[in-house]
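In what follows, chains carry the letters A, B, and so on, assigned in the order in which the sequence lines appear, proteins first and then strands, with residues in each chain numbered from 1. Keep in mind that what you see is a predicted model, and the values were worked out from it rather than measured.
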There are 2 protein chains.
Amino acid sequence: MSDLLERLRGRGWRMTAQRRVVAEVLDGEHVHLTADEVHSRAVDRLPEISRATVYNTLGEMVSLGEVVEVSTDRRAKRYDPNAHRPHHHLVCARCGAIRDVHPSGDPLADLPADERFGFTVSDVEVTYRGVCPSCAAAA
Amino acid sequence: MSDLLERLRGRGWRMTAQRRVVAEVLDGEHVHLTADEVHSRAVDRLPEISRATVYNTLGEMVSLGEVVEVSTDRRAKRYDPNAHRPHHHLVCARCGAIRDVHPSGDPLADLPADERFGFTVSDVEVTYRGVCPSCAAAA
DNA sequence: TCCTACGATGGACTTTGTCTAAGTCAAGTG
DNA sequence: CACTTGACTTAGACAAAGTCCATCGTAGGA
């Protein structure tokens, strides 16, 4: 049984076939699918599921804080079910592969007061870019 | 005379009215315009300039390394002519205002080898989020 | 001044995402 | 177990951001 599904159920989420399928597709580690990828995988299990439902469902999971949006490339948003361990992302510039990473140190603390321009800074998002082992081997 | 224009000229870039206008619109500090904003400002000076030209020109400036793409919100890419001083961005979550910031410390060094998954990591992009002084005052 | 390759144009097309009106169904009630 | 109701789903239209292409125009060298 999917962890994500378990958590959502525990919040009194109304359960439907569509929501179950979306949650199942999205479950796991290092999972970073676009809405479209989620939709096409969902369709494999539930052919009549609509795009709008996938978007709605993803949006709700994000509001509930069970999934986070990531935009590592400049195309579509990706959805990351690993919302309970704060982490950043490492992206392959060639193939787009994404890994979750946990840097040491706190980037928030690295922003001096005189570089804050009076902002109340609450959050930081870090994206590392490089080349993954298999792309490096292929080169 | 625009710094950016000066640099581009120095690289043997073929100069046209359209390219000049785009470079002029984009020049300055803390400038982070979307392609569409660049286009509409360019149109003020050169009414017949086309969208495709603005996109092409911005794309070339990016390839030449004279301008960097930033995607701070999840909508349109923004273009930052401040390409020669490495920096990160601080974004207001309410109004979208963007400032260039220079954190102390090196986030690249904060990524331990065992969190690199064999990647050759070459670059980091950091986006701070918060609330700017004027939005805080308005709240 | 003339040529020509590079740049510009605009309109069609694609991708990603949002909205709406109408139909469907999960789950609480009796 | 059937009923009811409001929340959920659907298809398709719409919108925003960006790309592509055939054709025309022009910067800059000969």
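Qualifying ring-ring contact (aromatic ring centres under 6.0 Å, His included) partners for A/Phe117, counting only residues two or more places apart in sequence or in other chains: B/His30. Not counting sequence neighbours, the partners of B/Arg11 by the salt bridge (Lys or Arg N to Asp or Glu O under 4.0 Å) test are B/Glu66. For A/Arg78, the salt bridge (Lys or Arg N to Asp or Glu O under 4.0 Å) partners at least two apart in sequence or on another chain are A/Glu37, A/Asp73. By the salt bridge (Lys or Arg N to Asp or Glu O under 4.0 Å) test, B/Arg45 is found to be paired with B/Glu24, residues two or more places apart in sequence or in another chain being considered. The ring-ring contact (aromatic ring centres under 6.0 Å, His included) test applied to A/His88 returns no partner, not counting sequence neighbours. Taking the ring-ring contact (aromatic ring centres under 6.0 Å, His included) definition, one finds that B/His89 meets it with B/His32, B/His87, sequence neighbours left out.
Counting Ile, Leu, Val, Met, Phe, Trp and Tyr side chains that sit under 4.5 Å apart, directly or through other members, B/Ile98 shares a hydrophobic cluster with B/Val91. Taking Ile, Leu, Val, Met, Phe, Trp and Tyr as members and joining any whose side-chain heavy atoms lie under 4.5 Å apart, directly or through other members, B/Val68 forms no hydrophobic cluster with any other residue. Clustering of Ile, Leu, Val, Met, Phe, Trp and Tyr side chains at separations under 4.5 Å leaves B/Tyr55 isolated, with no partner residue.
A/Arg19 has its CZ atom 6 Å from the C1' atom of D/dC8, to the nearest Å. Rounded to an integer number of Å, the gap from CD of A/Gln18 to C1' of D/dT9 is 6 Å. Residue B/Glu37 contributes atom CD, which lies 13 Å from atom C1' of D/dA16 at whole-angstrom precision. B/Leu33 places its CG atom 16 Å from the C1' atom of D/dA17, with the value rounded to the nearest Å.
Residues from residues 50-59 of chain B with heavy atoms under 4.0 angstrom of DNA chain D, sorted by number: B/Arg51, B/Ala52, B/Tyr55.
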Short heteroatom pairs, N/O only, protein and nucleotides 25-29 of chain D, under 3.5 Å:
residue: D/dT26; atom: O2; partner: B/Arg14; partner atom: NH2; Å: 3.1
residue: D/dA27; atom: O4'; partner: B/Arg14; partner atom: NE; Å: 3.4
residue: D/dA27; atom: O4'; partner: B/Arg14; partner atom: NH2; Å: 3.3
residue: D/dA27; atom: O3'; partner: B/Met15; partner atom: O; Å: 3.2
residue: D/dA27; atom: N3; partner: B/Arg14; partner atom: NH2; Å: 3.4
residue: D/dG28; atom: OP1; partner: B/Met15; partner atom: N; Å: 3.0

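Between the side chain of A/Arg129 and the main chain of A/Cys92, no donor-acceptor pair closer than 3.5 Å is present.
Checked against A/Asp80 for a side-chain contact (heavy atoms from CB on, under 4.5 Å), the options A/Val31, A/Asp100, A/Leu33 give a single hit: A/Asp100.
For DNA chain C, the span of nucleotides reached by chain B at under 4.0 Å from its heavy atoms goes, 5' to 3', from C/dC6 to C/dG10.
Both A/Ile49 and B/Ala35 lie close to DNA chain D; mapped to their nearest nucleotides by heavy-atom distance, the more 5′-ward contact belongs to A/Ile49.
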